[in-house]
Amino acid sequence: MKSSHKPTVIEKAAEALHLIPDLHGEDENGRHEAVRGEHRSCPPPESWDHWVEYDSRSWPGRKSSEYMLVPTSCFNCEAGCGLLAYIDKKDLRIKKFTGNPYHPASRGRNCAKGPATINQIDDTDRILYPMKRVGPRGSGKWERVSWESALDDIASRMRKAIREGRNNEISYHVGRPGHEGFMDWVLKAWGVDGHNSHTNICSSGARFGYAVWQWYDRPSPDHSNAKFILLVSAHLEAGHYFNPHAQRIVEGRMKGARLAVLDPRLSNTASMSDYWMPSYPGSEPAVLLAMAKVIIDEGLYNRDYLENWVNWEQYLEAEYPDRARTFESFIEALREEYQDYTPEFAEQESGVPAGTVREVARQIGEAGERFSTHVWRSASSGNLGGWAVSRTLHFLNVLTGSVGTPGGTAPSAWNKFKPSFHTHPEPQKFWNPLHLPDEYPLAHYEMSFLLPHMLREGKGKLDVYFTRVFNPVWTYPDGFSWIEALEDESKIGLHIALTPTWSETAYFADYVLPMGHSAERHDLVSYETHAGKWIAFRQPVLRVALERLGTPVEFTWQANVGEVWEEDEFWLELSWRIDPDGSLGVRKHFESPYRPGKKITIDEYYRYIFEHTPNLPEAAAAEGLTPLQYMKKFGAFEVEQDVYNVHETPVDVDGADLDGSSRKIYKEGKPVGVQVAGRNCVGFPTPSRKQEFYSQTMIDWKWPEYKVPSYIKSHVHPEKIDRSNNEFALVPTFRLPVLIHSRSGNAKWLAEIAHRNPLWINADDAASMGIENGDLVRVNTDIGFHVNRAWVTESIRPGVVACSHHIGRWRRRQDAEGNRWATNVVSISRPEKGKWKMRVEESIAPYESSDPDSQRIFWSDGGVHQNITFPVHPDPVSGMHCWHQKVRLEKARPEDRYGDVFVDTERSYEVYREWLAMTRPAPGPDGLRRPMWLNRPLRPADETYYIGT
Ligand code: SF4
């Protein structure tokens, strides 16, 4: 396929003279040099043990350095791109990171956060030794302790809790996940329902909208082969799987794909699109349903896919029992169902012109099976009913038959690898109501952001609470309620923070245990970045270097700086100590598969997985390597290419039963497939084995009004906003391309690029309030306020304000110094119960350290901590925290200073109760806590699904 870009004369000449690569020629597969992912500047793997590079800064002199190159995987966002560490052979220090061209998703490329990993490794403020608090929790006093004493103390406390049946008092709360399947395996081995995650403040709104269609809860778009791409977010600069997606969107564009973006903010992505649709926050489903209506009315749908792969017969049977059970009746019913969702209605709700809605819908219909879509956070995580965004977006994929096709959008799990473990612990026999309370039976992930309120209500308590790369005091809404909970030892007995760096949450821990950054730890990574399946090996590069030099170490911490551990080895070691004699049944899972009765080593753990990874042993053997050696050498492996139409995989019907009316295929009483047009296929893991346009689940669980894809008015719908009182919808969710929550802290290059988060406000709105660029504004929320500077711009639609959530990090005077590139020193006071005030006392400033750059800090603005002024907004269906806020703006008062924060946590609790009142609690059918067929993180034994067990 030809590029839509015509090379200029100068480009052609430069290519012919080999001054630049041939960017426009094509290989045998019709792919351009620029999209093949080749990385010509990367040294070939045969030279990775010894690579010589000359220092450009010493030119015209010839100063060289000798490096060993070791692959690993980035940990600064979820995408897990490949990195290549350059280790100076002179002093065995990591000097820099580049991309790993053998990584199938990132293909040698990284965003700015990847190479900035070196800043985190070299961070002069990082934690090097285990620390234990001295004095009251949060008082800022610490003493260094040994790993031995910390492990023994924690393990003995856990052993006691498990022996006493207090398994629900052990909780592991994860921020940035990683190690594919590892923690589920560990927690099941312990027998605790102890998985708590950040997902319900992140992506579970979108996940639920997908899950209710097809069980799979995330999209995996094949952007590079699409004809039309529709994004509900800013994927090119900051989306999920940012770098892998961005390069494939660009590939698609180079081959002629058109791009449309729904976003109230003119993101970089929107600015590169063919259609920027600045929809009012929460109105996206109205726009998407209007597009669906155009596709249905104009006959642009894919009849074959709809007829075969959608549960329309169930819909007709339940809703239109008197009508003929024909596909034509279904289309007629669809027309009636969505007759009110006209483009004009969409315009009224969203502000997107009806003509644009029609035009985009027709192009989607024309793209047909080559229509890729993605929603990442944004609207689905901002609004009450945000899950309807992904549900209605996926409706367009279903209508066009672009589910899992080349250029379409596949279910996530098709493109994600699940490792095999050497033991298979039984599902735990506990259901932790602090994680999945009965009030939220459809909550797609744990209600983690309600933890302080549930502890306050006495729903349970925690004896051993691990936070891992997780910073709720700063990242979550309602951070002062978190501080109140963390300070209370009667609610949280022991808080262990596993973290490479100090954070607002680590300051309220009992133990702070230093863990390695991406190049200092093991991890298995696999994500649905494109239509393939891959694994990447995050590995401690200095340990690998020592091994290559013939001086292996026993534990990763021995190769790392100070006494920085890695988590895998920490969990293995801790688990062994929980059950030293094996009487709890825990120890057996942590014994070596190769040396019976002995404690498993980290190499053995990964050796087993890689030996059981399809196609890897063969690929390794071809290189004369074992599978583990292969992964250590290349850092990644492509398990499967071009994964499409998995639902059509044939089912072996030998010994199977066919249900005559539903055409479902059963084996031993369990559904394993469905017969479609005479073919026996695996289908989808839903009750109908098809795409569920009609959801009996929503009816059974008391939400019949949402039985089909629908529009739910947001809590920031214009009807609820009093513009005459200067109320606005605040969009607080957007990312900056170089930052991500707490993870990208401690990286000086990134802090230098982005260090403030002003309030975006439309020029007309600003003028009507007499606000000028840079003016201080008090942003009043339901529970308090923060004071920020206005950024007056045309890049946000009127009636909406926006603020990025990465910035506004802080530490108090008594706290250990950490991340001084990006933290303000603040004072926090509590003049009366529940009333919290924060004021910036010292902005960012140069400081002395062993890094000369710390004297060169030129910025002083550290931004504003906005999230702490937000109450919790749990969506009553998906459980997602609805991030958008109704705010009232006012010009700053005389006493206000930039960065001021005020919060009333009593009011936070009231708001929590108000949203709780919107729920429709379990039980559902048969006394169930939640539907059996939907996925649940760390799924426990089936019997625990019944209330009263
Ligand atoms: S997109 Fe950037 S931050 Fe995320 S894994 Fe890739 S290089 Fe790292």
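This one's a predicted model, so the numbers in the text were calculated from it and none came from an experiment.
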Nearest 0.5 Å, what's the CD-CH2 distance between Glu794 and Trp760? 12.0 Å
Please examine the side chains of Val800 and Pro281, heavy atoms only from C-beta on, and report whether any two atoms are closer than 4.5 Å. yes
Provide the closest heavy-atom pair for Ile796 versus Ala802 in the form atom of the first, atom of the second, distance. CD1-CB, 3.6 Å
In Å, rounded to the nearest 0.5 Å, how long is the span from CD1 of Ile364 to CG of Leu288? 8.0 Å
Minimum heavy-atom separation for Ser279 to Glu284, with atom names? OG-OE2, 3.6 Å
Taking only residues two or more places apart in sequence or in another chain, which ones pass ring pair (Phe, Tyr, Trp, His ring centres under 6.0 Å) with Tyr241? His245, Tyr527
Is the number of heavy atoms from other residues, nucleotides or ligands within 6.0 Å of CD (Glu772) greater than 12? no
Shortest non-hydrogen contact from Pro411 toward Ser220: O-CB, 4.2 Å
Verify the distance criterion only: is there a donor paired with an acceptor across the side chains of Tyr275 and Glu359 at less than 3.5 Å? yes
In the structure I gave you, are the side-chain heavy atoms of Ser742 and Thr475 within less than 4.5 Å of one another anywhere? yes
Which distance, rounded to the nearest 0.5 Å, do you find between the CZ of Phe728 and the CD1 of Ile761? 4.5 Å
Set out, in order, the CA-CA distance, both residues' side-chain angles and the distance that settles salt bridge (charged side-chain N to carboxylate O under 4.0 Å, His left out) for Glu251 and Arg253, then state yes or no. CA-CA 5 Å; Glu251 280 176 21; Arg253 297 276 285 152; over 6 Å; no
Interatomic distance, OG1@Thr373 vs CG@Leu231, rounded to 0.5 Å, equals 8.5 Å
Polar contact flag, side-chain donor to acceptor under 3.5 angstrom, Tyr216-Asn935: no
Counterpart residues, ring pair (Phe, Tyr, Trp, His ring centres under 6.0 Å), relative to Tyr912 (two or more places apart): His453, Tyr909
Do you see a donor-acceptor pair shorter than 3.5 Å between the side chains of His223 and Ser372? yes
Are the side chains of Arg370 and Pro406 in touch, meaning some heavy atoms are under 4.5 Å apart? yes
For Ser402 and Asn397, does a side-chain donor sit closer than 3.5 Å to a side-chain acceptor? yes
List the residues meeting ring pair (Phe, Tyr, Trp, His ring centres under 6.0 Å) with Trp883, not counting sequence neighbours, and say none if there are none. His881
Assess the side chains of His444 and Asp217: does a donor N or O sit below 3.5 Å from an acceptor N or O? yes
Between Ile229 and Ala257, the two heavy atoms sitting closest are CD1-CB, 4.2 Å
What do you reckon, are the aromatic ring centroids of Phe330 and Phe693 less than 6.0 Å apart? yes
From NE2 (His394) to OG1 (Thr409), nearest 0.5 Å: 8.5 Å
Does a side-chain heavy-atom distance below 4.5 Å link Phe395 with Tyr338? yes
What I want to check is whether the side chains of His235 and His374 have a donor and an acceptor closer together than 3.5 Å. yes
Kindly say whether Glu719 contributes a backbone atom to a donor-acceptor pair with the side chain of Lys713 at under 3.5 angstrom? no
Are the side chains of Trp915 and Pro871 in contact, using a 4.5 Å heavy-atom criterion? no
Are His786 and His865 close enough that their ring centres sit under 6.0 Å apart? no
Rounded distance (nearest 0.5 Å) linking atom CG of Leu236 with atom CG of Asn243: 11.0 Å
Under the 3.5 angstrom rule, does the side chain of Trp791 hit a backbone N or O of Asn773 as a donor-acceptor pair? no
Has the side chain of Ser204 got a donor or acceptor atom that lies under 3.5 Å from a matching backbone atom of Arg207? no
Side-chain H-bond candidate by donor/acceptor type, Tyr711 with Glu349, under 3.5 Å: yes
For Asn200 and Glu446, which I'm curious about, is there any donor-acceptor pair between the side chains at under 3.5 Å? no
Could you walk me through whether Lys891 and Leu776 pass the side-chain contact (heavy atoms from CB on, under 4.5 Å) test, one step at a time? CA-CA 6 Å; Lys891 288 178 147 185; Leu776 285 184; over 6 Å; no
Side-chain donor/acceptor of Asn780 to backbone N/O of Arg888, under 3.5 Å: yes
Ser695 vs Arg391 side-chain heavy atoms within contact, under 4.5 Å: yes
Looking only at atom types and distance, does a side-chain atom of Trp474 sit under 3.5 Å from a main-chain N or O of Gly479, one as donor and one as acceptor? no
Aromatic plane relationship, Trp309 with Phe684 - under 30° parallel, 30 to 60° tilted, over 60° perpendicular: perpendicular
Between the side chain of Asp722 and the main-chain N/O of Ser724, is any donor-acceptor distance below 3.5 Å? yes
Between Gln885 and His715, does any side-chain donor sit less than 3.5 Å from a side-chain acceptor? no
Between Asn302 and Leu399 (side chain of the first, backbone of the second, donor and acceptor by atom type, cut-off under 3.5 Å), is there such a pair? no
Stepwise, does the side-chain contact (heavy atoms from CB on, under 4.5 Å) test hold for Val250 with Met272? CA-CA 10 Å; Val250 171; Met272 298 291 289; over 6 Å; no
Test your reading of the model: is there a side-chain donor-acceptor pair from Thr400 to the backbone of Gly365, 3.5 Å cut-off? no
Nearest heavy-atom pair of Gln691 and Val403: which atoms, and what distance? NE2-CG1, 3.8 Å
Using modelled atom types and a 3.5 Å cut-off, is there a donor and acceptor pairing between side-chain atoms of Thr356 and backbone atoms of Val352? no
Within the distance-only criterion (no hydrogens, no angle test), does the side chain of Thr342 pair as donor or acceptor with the backbone N or O of Phe345 below 3.5 angstrom? yes
Please name all residues satisfying side chain to side chain contact (heavy atoms under 4.5 Å, CB included) with Arg920, sequence neighbours left out, ordered by chain then number. Lys702, Trp703, Pro704, Glu705
Report the C-alpha distance between Asp297 and Arg335 in whole Å, list the side-chain angles of each, state the deciding distance to 0.1 Å, and finish with yes or no for side-chain contact (heavy atoms from CB on, under 4.5 Å). CA-CA 7 Å; Asp297 287 350; Arg335 287 205 175 100; 3.6 Å; yes
Got a sec, which residues hit ring pair (Phe, Tyr, Trp, His ring centres under 6.0 Å) with Phe208, two or more places apart in sequence or on another chain? Trp387
With no hydrogens and no angle check, do the side chains of Tyr476 and Ser448 hold a donor and an acceptor under 3.5 Å apart? yes
Are Ser350 and Met277 close enough that some pair of their side-chain heavy atoms sits under 4.5 Å apart? no
Please name the pair of heavy atoms, one in Tyr694 and one in Asn311, separated by the smallest distance, quoted to 0.1 Å. O-ND2, 2.8 Å
Does the side chain of Ile807 reach to within under 4.5 Å of the side chain of Val864, using non-hydrogen atoms? no
Return the set of residues passing side chain to side chain contact (heavy atoms under 4.5 Å, CB included) with Glu237 (not counting sequence neighbours), or none when no residue passes. Ala234, Arg265, Ser267, Asn268, Thr269, Pro737
Asn757 and Ser804 side chains, donor-acceptor separation under 3.5 Å: no
For a quick check under 3.5 Å, do Tyr315 and Glu337 share a side-chain donor-acceptor pair by atom type? yes
